[in-house]
Amino acid sequence: MIDPALRMLTKLARNNALANHRLAQAVIGLDQSEFTARRVSFFPSLRATLNHILVIDWFYIDALEGGTLGPWAWENEEPFDTARALYAAQRQSDEKLVAFCDALEIADLARPIAIHRQSRIQTERCDDVLNHLFAHQTHHRGQVHAMLAGTPLAPPQLDEFIVSDDAKFRAGELAAFGWTEADLGFGDE
């Protein structure tokens, strides 16, 4: 039986990937002018917000893996111009995060992570960095969801990836990753 803390993190990593996939499928359906249109939110467009999610993922995943990328992660704040290219990079990042979480052992959760800031190195526990990263993703996905309400496309449901009762709603996303319900942790209780 998997440790509950590890189980939670592996589920959150997969939730993150599945929600990003579902959101990307909606955004990819927009024309380029809708993707780049000025909107009301923390970042001024769908493109800017989704690029922000990705470059901050690069920043934290690099730190989790012991890298020193630091602020260079967002040297180009919008590295991708199209939704399709952006999602291809986001998917790679999501898969890297899932693999990282899958490889964690209980002792890793308290391991110090060096986060390279501009003029200092911040040190945080691995589990705290992961929880922050998942919260960051969720926060900005919510903004993208709200911005989609102002487009011709309906915003997709983004919260059907954690509990067993929602299995009927996530089959397409699981298939896109080649995952099963067991990969989400169902059946290992």
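Because the structure is a prediction, the values reported are computed rather than measured.
Between Phe35 and Leu50 the shortest side-chain heavy-atom distance falls below 4.5 Å. Between Thr36 and Ser45 the shortest side-chain heavy-atom distance does not fall below 4.5 Å. In this structure, Phe134 and Leu97 have side chains that are in contact, with non-hydrogen atoms separated by less than 4.5 Å. The shortest distance between side-chain heavy atoms of Met8 and Asn131 falls below 4.5 Å. Leu148 has its side chain within reach of Pro156: a pair of non-hydrogen atoms, C-beta onward, lies under 4.5 Å apart. Contact of the Leu6 side chain with the Leu109 side chain is registered, since non-hydrogen atoms from C-beta on lie closer than 4.5 Å. Put simply, the side chain of Leu18 does not reach to within 4.5 Å of the side chain of Leu158, judged on heavy atoms. Residues Phe161 and Leu184 form no side-chain contact, since every pair of their non-hydrogen atoms from C-beta on lies 4.5 Å or further apart.
Put simply, CD1 on Ile2 and CZ on Arg7 are 8.0 Å apart, with the number rounded to the nearest 0.5 Å. Note that the CG atom of Leu9 and the CG atom of Asn16 stand 11.5 Å from one another [nearest 0.5 Å]. Note that OG1 of Thr49 is 10.0 Å distant from CZ of Arg39, once rounded to the nearest 0.5 Å. The structure places CZ of Arg125 at 11.0 Å from CG of Leu130, a figure rounded to the nearest 0.5 Å. Distance check, rounded to the nearest 0.5 Å: CD1 of Ile113 to CG of Asp128 gives 10.5 Å. The distance from the CD1 atom of Ile115 to the CG atom of Leu69 is 12.5 Å, given to the nearest 0.5 Å.
Residue Gly70 comes nearest to Asp62 through the heavy atom pair N-OD2, 4.2 Å, listed as atom of the first residue, atom of the second, then distance. Closest non-hydrogen pair, Tyr87 versus Ile28, comes out as CB-CD1, 4.2 Å. Minimum heavy-atom separation, Gly150 to Glu34: O-OE1, 4.5 Å. Nearest heavy-atom pair, Phe177 versus Ala17, reported as atom, atom and distance to 0.1 Å: CZ-O, 3.8 Å. Minimum interatomic distance between Ala83 and Val27 (heavy atoms only, all atoms of both residues): CB-CG1, 3.7 Å. Shown here for Pro71 and His116, the closest heavy-atom pair between the two residues is CD-O, 3.2 Å.
By the criterion of side-chain heavy atoms lying less than 4.5 angstrom apart, applied directly or through intervening Ile, Leu, Val, Met, Phe, Trp or Tyr residues, Phe43 is not grouped with Leu23; the two fall into different hydrophobic clusters.
In this structure, a donor-acceptor pair under 3.5 Å is absent between the side chains of Arg91 and Asn20.
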(message) For Leu46 and Val144: C-alpha separation, side-chain torsions, deciding distance, then whether side chain to side chain contact (heavy atoms under 4.5 Å, CB included) applies.
(response) CA-CA 6 Å; Leu46 290 162; Val144 171; 3.6 Å; yes
(request) Could you go through the side chain to side chain contact (heavy atoms under 4.5 Å, CB included) check for Glu160 and Arg22 one step at a time? (result) CA-CA 10 Å; Glu160 297 171 333; Arg22 188 177 283 177; 2.7 Å; yes
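For Ser93, the side-chain contact (heavy atoms from CB on, under 4.5 Å) partners are Leu54, Asp57, Trp58, Ile61, Gln90, not counting sequence neighbours. His139 is linked by a side-chain contact (heavy atoms from CB on, under 4.5 Å) to Gln143, counting only residues two or more places apart in sequence or in another chain. Legend: residues meeting salt bridge (Lys or Arg N to Asp or Glu O under 4.0 Å) with Arg170, ordered by chain and number and at least two apart, are Glu181. Every residue two or more places apart in sequence or in another chain that forms a side-chain contact (heavy atoms from CB on, under 4.5 Å) with Arg120 is listed here: Arg117, Gln122.
Applying the side-chain hydrogen bond (donor to acceptor under 3.5 Å, both in side chains) definition to pairs two or more places apart or across chains, those involving residues 66-85 are Arg47-Glu78.
Salt-bridge annotation for Arg14 and Glu173: absent, with no side-chain N of the basic residue lying under 4.0 Å from a carboxylate O of the acidic one.
Considering Asp94, Ile56, Asn15 in turn, Asp94 is the only one that fulfils the side chain to side chain contact (heavy atoms under 4.5 Å, CB included) rule with Gln137.
Below 30°, between 30° and 60°, or above 60°: for His52 and His140 the angle between ring planes is above 60°, a perpendicular geometry.
Within the hydrophobic cluster formed by Ile, Leu, Val, Met, Phe, Trp and Tyr side chains joined at under 4.5 Å, directly or through other members, Phe169 stands alone, with no partner residue.
In this structure a side-chain-to-backbone donor-acceptor pair under 3.5 Å is present from Asp108 to Glu105.
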